[in-house]
Structures are given as C-alpha cells and as structure tokens.
Amino acid sequence: MTRLTSPTLSGALACTVGMTIVGASIAFGPLLADYPVLAGQTWRYLLAGLVLLAVMRVRRVPVPRPRPRQLGRLLLLAGTGLAAFNWLLIEGTQQSDPAFFAAVLGATPLVLALAGPLFDGGRVRARTVAGSAVVVAGILVVQGATTAPLGALPYAVGFLLCEAAFTLLAVPLLKEFSPLQVSGAVCLVAVPLLAVLAQVEPGADLVVPTASEAATLAFLAVCTTAIAFLLWYGGVVRLGADRAGLFAGVMPIAGMVVAVVAGTSVWSPVGSAGSLLCGAGIALGLRRPAAPARRPEAAGTSVPETV
C-alpha cells in the first residue's frame, strides 16, 4: 500500500487551489482587451508586491534583504518567469493562435519532472515522469489539437522555458527565504523590468483604467498573483518542483470549467476525457513506492518452524 504524507497533502492542496485561481482568471482576460498589456502587468505586479509587503508587516516577517548572488537570482527569475513570459505571450500570439501556446504550456509538467531534481539536488523519479506525461496528454486533449506557423516556434519554446524558470529558479531561493518573502520580492523586482518593456510596446504606455479594468487588475494582483504565488511556492517547498509541476494540469481544466459556467464554452466529452487524464496523471505522479515489508527476523521475532 502507498500513502500520502501530510506535507504531500498540504502541498497538493496548495498547488491545486493556486492553479485553479490562475486557470479561472483566464475568463477575465477579455475585460482587459483594450488596455495596454505590459503596462497592465506592471500595475498588477506593483500592487501584488505591495499587498505581500503588507502581509509581511502584519505577520512580522522581515523584508528580504538579498545578498548579491540572491539578488541576481531574483532578477533572473523576474526577468524570465514574469517579464519575458508576458512579452513572449504578447508577441507570440500575434504569430499564431493562442491555443497553440496553451498547448505548448502543457509540456510544463514534463519539463519540471525532468529538470526539477537537477535544481533540488534530488533524482529523477520515474513515477513522476510517467504521471507528468499523462498530465501533458490530458492537457493536449483539453486544449485540442492545434497547428502553428514555423515563425511561432521560437516564441513558443521561449514561452515554455520561461514558465519552467518561474518554478526552477525559485527552488534555491526557497531554501533561504519563505514563500511569502520570495513572492513579494520577485513581484517588486519585476516592476521596473515590465515598465521598461511597456515603453517598447506599441501604443499608449499609461492609460487610466475604466472601473471594470481597475477591478480586473486588482483581482489579478491580489488573487492571481499574490495569493496564487504564495500557494504555488508553498506547494513547491512541500512537494519539490517536479511533483508540483503535475498540478499545471489543473489550470486548463479550471479555465474550461469557468468558461462553461460563464456560458462562453460548452462542455464536451473530449474535455471530460482530457480532465480525467490530467487527474489520473496527478494521482500517478504523487504516489510513492510502497516501503518494503520488514522481515520478521529484522523485527526481533521468531518464526516457528514447520515440519
């Protein structure tokens, strides 16, 4: 028999809730269709960082003061996992259907299953890799088959690497700081990087948001960023990057469910099959091999002889 330990259960719950929030927030995307994207992301991470700083103050958690090497890691994490991720998404979706990038993002669990142990000093778990492959298959089924022009491929590869970097580059930092400290620091470090990219983005750099746009940005900052980052990094601490990556399969399912509830999409047997595949892959990847049974001799008990 295999069993799930308490850290595994709490980590699984944290990752599930975090990815559910992120997936559900996809439905709010159309509300920001007319707002400058990178400028909006700048405001989003600034507000999220301030919220996390307020939480640190309330909980009396010291504001992180990273050493030069740690600051370099934070800059690399913010530059890839946040700033470059958003830029590649914007530029890439002009080259191809967004569904293609969603499908590419589905490979994240497999990348983390293979690369996670390299950053965490562990070994690749065959069971986690197998579960990740099943999750990837489920995500592809949910998203549907998609094709894209060759010009979109470099954007897609960079997009996938930046998504993986958001978790992998945080692993060394999470050994020295808490998830709250890492989440707050990376949000604030990303602000100037995104502000510079916003200057390059065509169109207006700063637009006063409408009421609905302001509410959407506030939701993305507080829920999709501050809360989701805390939950995700907390799950990474408990599960490791490789096993936490399994829960990327929750994100497209949550997005699909919200779209069905909102009436912008219709539930289908194919979507149901993909969701079941994701769930099966997560369950497979989280299972640990059963501990070998102790021999009676090792336990100090005698074994009656048979005649």
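Numbering of residues begins at 1 and proceeds along the displayed sequence. Reckoned from all heavy atoms, side chains included, excluding hydrogens, waters and symmetry mates.
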Working for side-chain contact (heavy atoms from CB on, under 4.5 Å), residues Leu74 and Leu173 = CA-CA 8 Å; Leu74 276 172; Leu173 292 168; 3.8 Å; yes

What do the steps show when you test Phe247 against Leu239 for side-chain contact (heavy atoms from CB on, under 4.5 Å), and what is the final call?
-> CA-CA 11 Å; Phe247 292 87; Leu239 299 175; 3.8 Å; yes

Please lay out, stage by stage, how Phe166 and Leu82 fare under the test side-chain contact (heavy atoms from CB on, under 4.5 Å).
-> CA-CA 7 Å; Phe166 175 73; Leu82 300 185; 3.9 Å; yes

Let me see the working for Leu217 and Leu47 under side-chain contact (heavy atoms from CB on, under 4.5 Å), right down to the final yes or no.
-> CA-CA 9 Å; Leu217 287 171; Leu47 179 56; over 6 Å; no

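Taking each heavy atom of Pro66 and Leu71 in turn, the nearest pair found is CB-N, 3.8 Å. Scanning both residues, Cys15 and Ala244, for their nearest heavy atoms gives SG-CB, 3.9 Å. In this structure, Ala48 and Cys187 approach most closely via the heavy-atom pair CB-SG, 4.1 Å. Taking each heavy atom of Val134 and Leu284 in turn, the nearest pair found is CG2-CD2, 4.5 Å. Considering all non-hydrogen atoms of both residues, Tyr233 and Pro179 come closest at CB-CB, 3.9 Å. Shown here for Leu112 and Ala241, the closest heavy-atom pair between the two residues is CB-O, 3.7 Å.
Here the CD atom belonging to Gln199 is positioned 9.0 Å from the OG1 atom belonging to Thr42, to the nearest 0.5 angstrom. Taken to the nearest 0.5 Å, the CG atom of Leu46 stands 12.5 Å off from the CD atom of Gln41. Rounding to the nearest 0.5 angstrom, the gap separating the OG1 atom in Thr80 from the CG atom in Leu75 is 10.5 Å. Trp232 CH2 to Thr16 OG1: the interatomic distance, rounded to the nearest 0.5 Å, is 9.5 Å. For the atom pair OG of Ser212 and OH of Tyr35, the computed distance is 11.5 Å after rounding to the nearest 0.5 Å. For the atom pair OG1 (Thr8) and CZ (Arg243), the distance works out to 4.5 Å, reported to the nearest 0.5 Å.
Counting only distance, with no hydrogens or angles, the side chain of Arg73 and the backbone of Arg69 share no donor-acceptor pair below 3.5 Å. Although no hydrogens or angles enter the test, the distance criterion places a donor-acceptor pair under 3.5 Å between the side chain of Ser10 and the main chain of Pro7. Side-chain atoms of Thr167 do not come within 3.5 Å of backbone N or O of Ala164 as any donor-acceptor pair.
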Compile the donor-acceptor pairs under 3.5 Å between side chains in residues 52-65 and protein atoms, sequence neighbours left out, one pair per line.
none

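Put simply, the side chain of Ser25 does not reach to within 4.5 Å of the side chain of Ile21, judged on heavy atoms. When side chains are defined from C-beta on, Val129 counts as touching Leu114, because their heavy atoms get closer than 4.5 Å. For the pair Arg44/Thr224, a side-chain contact is recorded, criterion being any heavy-atom separation below 4.5 Å from C-beta on.
With Tyr45 as reference, Asn86 is the one residue of Leu220, Asn86, Val189, Val186 to meet the side chain to side chain contact (heavy atoms under 4.5 Å, CB included) rule.
Residues satisfying the side chain to side chain contact (heavy atoms under 4.5 Å, CB included) criterion with Leu13, sequence neighbours excluded, are Val17. Among residues two or more places apart in sequence or in another chain, the side chain to side chain contact (heavy atoms under 4.5 Å, CB included) test is passed with Ala83 by Leu193, Leu194, Leu197.
Relative orientation of the Phe85 and Phe159 rings is parallel, given thresholds of 30° and 60° on the angle between their planes.
Cluster membership for Val191 and Val196, using ILVMFWY side-chain heavy atoms within less than 4.5 angstrom, is not shared.
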